[in-house]
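Read the structure below first, then the notes.
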Amino acid sequence: MSVRVRYAPSPTGSPHVGNVRTAIYNWLFARHEGGTFIVRLEDTDRSPERYVPEGIFDIEASLRFLGTLPDAWWVTGGPDAPYVQSQRLETYSDAARKLIDSGKAYRCYCTRERLEAMRASQQAEGKPTGYDRHCRDPKLREALRLQRLEAEGQEPSSVVRLAMPLEGVTILHDVVRGDISYENRLQDDQVILKSDGFPTYFLAAAVDDHAFGITHIIRGDDWLSSAPKLVQVFHALGWEPPKFVHPPLIVGPDGKKLSKRHGATQFAWFLEQGYLPEALFNFLVLLGWSAGSENRELFSVPELIERFTLEGMTQSPAVFDYEKLKWMNGHYIRRSEPGRIIGMCLPYLRRAGLIPDPPGPDAKDPEKEAYRINVLDYARRVIPLEIERMKVLSEVTDLVGFFFKELSYPEGYDEKAIAKWMGVPHLKQLLTAEIEQFGALTEWTAESIEATVRSIGADLGVKFGEVIHPTRVAATGQTVGPGLFETLWALGKERTINRLRAVLEKV
RNA sequence: GGGGAUAUCGUCUAGAGGUUAGGACGAGGGAUUUUCAGUCCUUAAGCCGGGGUUCGAUUCCCCGUAUCCCUACCA
């Protein structure tokens, strides 16, 4: 039977990177096996604090960004549509009814108050917490129902609970962890249908996984403990559960499940910061999976599809190392087509106010032309010089800022840079000579600039560094940056001379 | 309190009875060079503890310890 896997996110906002990784694993496995990758929305939790309807767009965006497109989902539909659980409520209530009829589940009329009191006393006595199965007894259940009926004057609300077997064990066959057994008597009579008519995860997942013909459930390790309940729902419904695959959790530096406390974890943040899809993809895959003895960590997506097997899954939690991600992102930035990086950088420059917004579609041609020459061409000349220094795209604004900002000495100049180089004795002579000789250059190239600067240095009788550094500071306001000559070239003759002149006037 | 899982450099990991315990990020040093970055070379850094099994355990088993996860009308 061919592999069918699913990614089942909930719309709670921008996806957590852990979920993104789960999506990647499912997608890779499906692609490696030539199987089917299904994405369905688990929107059965309607409580306002957790239900974020717009989250669905973030989920879609994350899948598109990474290129892990499903074979079937709510966007394109598919043979098992709909792929949104809130649109399948009848299926779940049918299943619940079937379970009640067969005695595998029962209605529970316990109030939240009773449940809370029960839990409180269990905790106070140091006893294991869990539902006391009060309503599993038909007599007690009916008594409670009548009591509430009388008090409330109408049929009381109820939930449906799974009647867990009271004996025996549930064996979970986990592909990465082997067989795990759980004692049934320790499992709760889980609520499977809520009083609002929505199913809980356990019912909905079992029903849908069965309906979709899912063969492997690949999901985070945080689901491992509750897996026997899911398995029991399958059994109760008379179905064979899929195979389970529980990759390890992604944790923070403190070893706890990665969350906001550890820094940004949401997909949207990585997008804003300027992480490349291939870097995120590559990095996330390696958090819980390894290509074995290959001793490599840089893989293209096709290479990963080729290599991705469940045997490569690791089993201990992985700390999310932002530094390593940055390194990898820098690596991919450097290996990208510069044009692509430039295009991705422009929005950051615009947002930082370094370059203006492009003229609208109905702008006049001369205006468009001016924008192309003054803004785009300049950006295209300047950004490539900083590409090897970028770890994330958003850094571009700091990196190329000096190219765009208006500098007026000492405004905009780095203090330490001034202290170090704007007081050297030969400064005025140097700047004067540069302004004059640069002005006379007919060809403004890195080579011609270098030749000019070198000869000025020789005339002044100072070491190369003694002319390089002051020149850089005068022209850029800082001590770091790309090679001086390409920097001046990119800056342009006019801008360079203007800046040098402004400095000369003030020192 | 109960249950489950996990345990190799600081971090991600390779290893599947005998290895100089390998690679990567990060850190240190060096080279290149006009700075930074990059690139190249290089150094330090690890098998949780205790019992077994075995001629021999990082590796297999048990116990302990530690950590994490679950323990909701959330997923």
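In what follows, every chain begins at residue 1, and chains take the letters A, B, ... in the order their sequences are listed. Just so you know, these numbers use all the heavy atoms, side chains as well, and skip hydrogens, waters and symmetry mates.
The side chain of A/L249 lies closest to B/C68, out of B/A24, B/C68, B/G3. Across B/U34, B/C12, B/A72, the shortest atom-to-atom separation from the side chain of A/F485 is found for B/U34. Distances from the side chain of A/T129 to the nucleotides B/A14, B/A72, B/U6 place B/A72 closest. Here B/A24 is the nucleotide among B/C12, B/G2, B/A24 with the atom lying nearest to any side-chain atom of A/E297. Side-chain proximity of A/E388 to the nucleotides B/U13, B/A5, B/G38 is greatest for B/G38. Here the nucleotide nearest the side chain of A/R50, chosen from B/A5, B/C74, B/U34, is B/C74. Out of B/A5, B/C69, B/U35, the shortest distance to the side chain of A/D222 is found at B/C69. Listed nucleotides: B/A72, B/A14, B/U34. Nearest to the side chain of A/R119: B/A72. With B/G1, B/A75, B/C69 as the candidates, the nucleotide lying closest to the side chain of A/Y201 is B/A75. Among B/G22, B/A75, B/A37, the nucleotide with an atom closest to any side-chain atom of A/S10 is B/A75.
The interatomic distance linking A/K257 (NZ) with B/U67 (C1') rounds to 15 Å, in whole Å. Rounded to whole Å, the distance from CG on A/L286 to C1' on B/U11 is 13 Å. Straight-line distance from the CZ atom of A/F464 to the P atom of B/U35: 10 Å, rounded to whole Å. We find that CZ of A/R334 is positioned 9 Å from C1' of B/U39, with the value rounded to whole Å. The distance from atom CZ of A/R177 to atom P of B/C70 is 13 Å, rounded to the nearest whole Å. When rounded to the nearest whole Å, the span between CD1 of A/I250 and C1' of B/C69 equals 14 Å. Atoms CG (A/L284) and P (B/U11) sit 19 Å apart, rounded to a whole Å. The interatomic distance linking A/E323 (CD) with B/C12 (P) rounds to 15 Å, in whole Å.
Positionally, the nearest nucleotide of RNA chain B for A/P128 lies more toward the 5' end than for the other of A/P128 and A/E386. Nearer to the 5' terminus of RNA chain B, by closest-nucleotide assignment, is the contact made by A/V480 (compared with the other of A/V480 and A/F202).
Residue-environment remark: CZ (A/F57) stays at or below the threshold of 12 foreign heavy atoms within 6.0 Å.
Summarising the base pairing, B/U19 is matched to no nucleotide, lacking a Watson-Crick or G-U wobble pair whose two defining distances lie under 3.5 Å. Look at B/G10: its Watson-Crick or wobble partner, with both distances under 3.5 angstrom, is B/C25. Base pairing of B/C40: its partner is B/G30, meeting the Watson-Crick or G-U wobble criterion (both donor-acceptor distances under 3.5 Å). When Watson-Crick and G-U wobble pairs are counted only if both distances are under 3.5 Å, B/A5 pairs with B/U67. B/U58 makes up no base pair with any nucleotide shown, lacking Watson-Crick or G-U wobble contacts both under 3.5 Å.
Closest approach of A/G477 and A/L407 over heavy atoms only: N-CD1, 4.1 Å.
Residues A/V39 and A/R6 fail the side-chain proximity criterion, which asks for heavy atoms closer than 4.5 Å. In this structure, A/I341 and A/L393 have side chains that are in contact, with non-hydrogen atoms separated by less than 4.5 Å.
Under the salt bridge (Lys or Arg N to Asp or Glu O under 4.0 Å) test applied with A/D189, the options A/R161, A/R107, A/K104, A/R136 reduce to a single match, A/R136.
Using a 4.0 Å heavy-atom cutoff across all strands shown, A/G130 reaches no nucleic acid atom at all. Residue-level contact check: A/L484 touches the bases, meaning some heavy atom is under 4.0 Å from a base atom. Counting any heavy atom pair closer than 4.0 Å across all strands shown, A/T471 reaches no nucleic acid atom. Contacts of A/T44 with the nucleic acid, taken as non-hydrogen atoms under 4.0 Å apart, involve only primed sugar atoms and P, OP1 or OP2. If you check every strand for non-hydrogen atoms under 4.0 Å, A/S316 touches sugar and phosphate atoms only.
Annotation: cation-pi pair A/R141/A/Y106 absent, no NZ/CZ under 6.0 Å from the ring centroid and within 45° of its normal.
For A/Q87 (side chain) and A/V84 (main-chain N/O), no donor-acceptor pair under 3.5 Å exists by modelled atom type.
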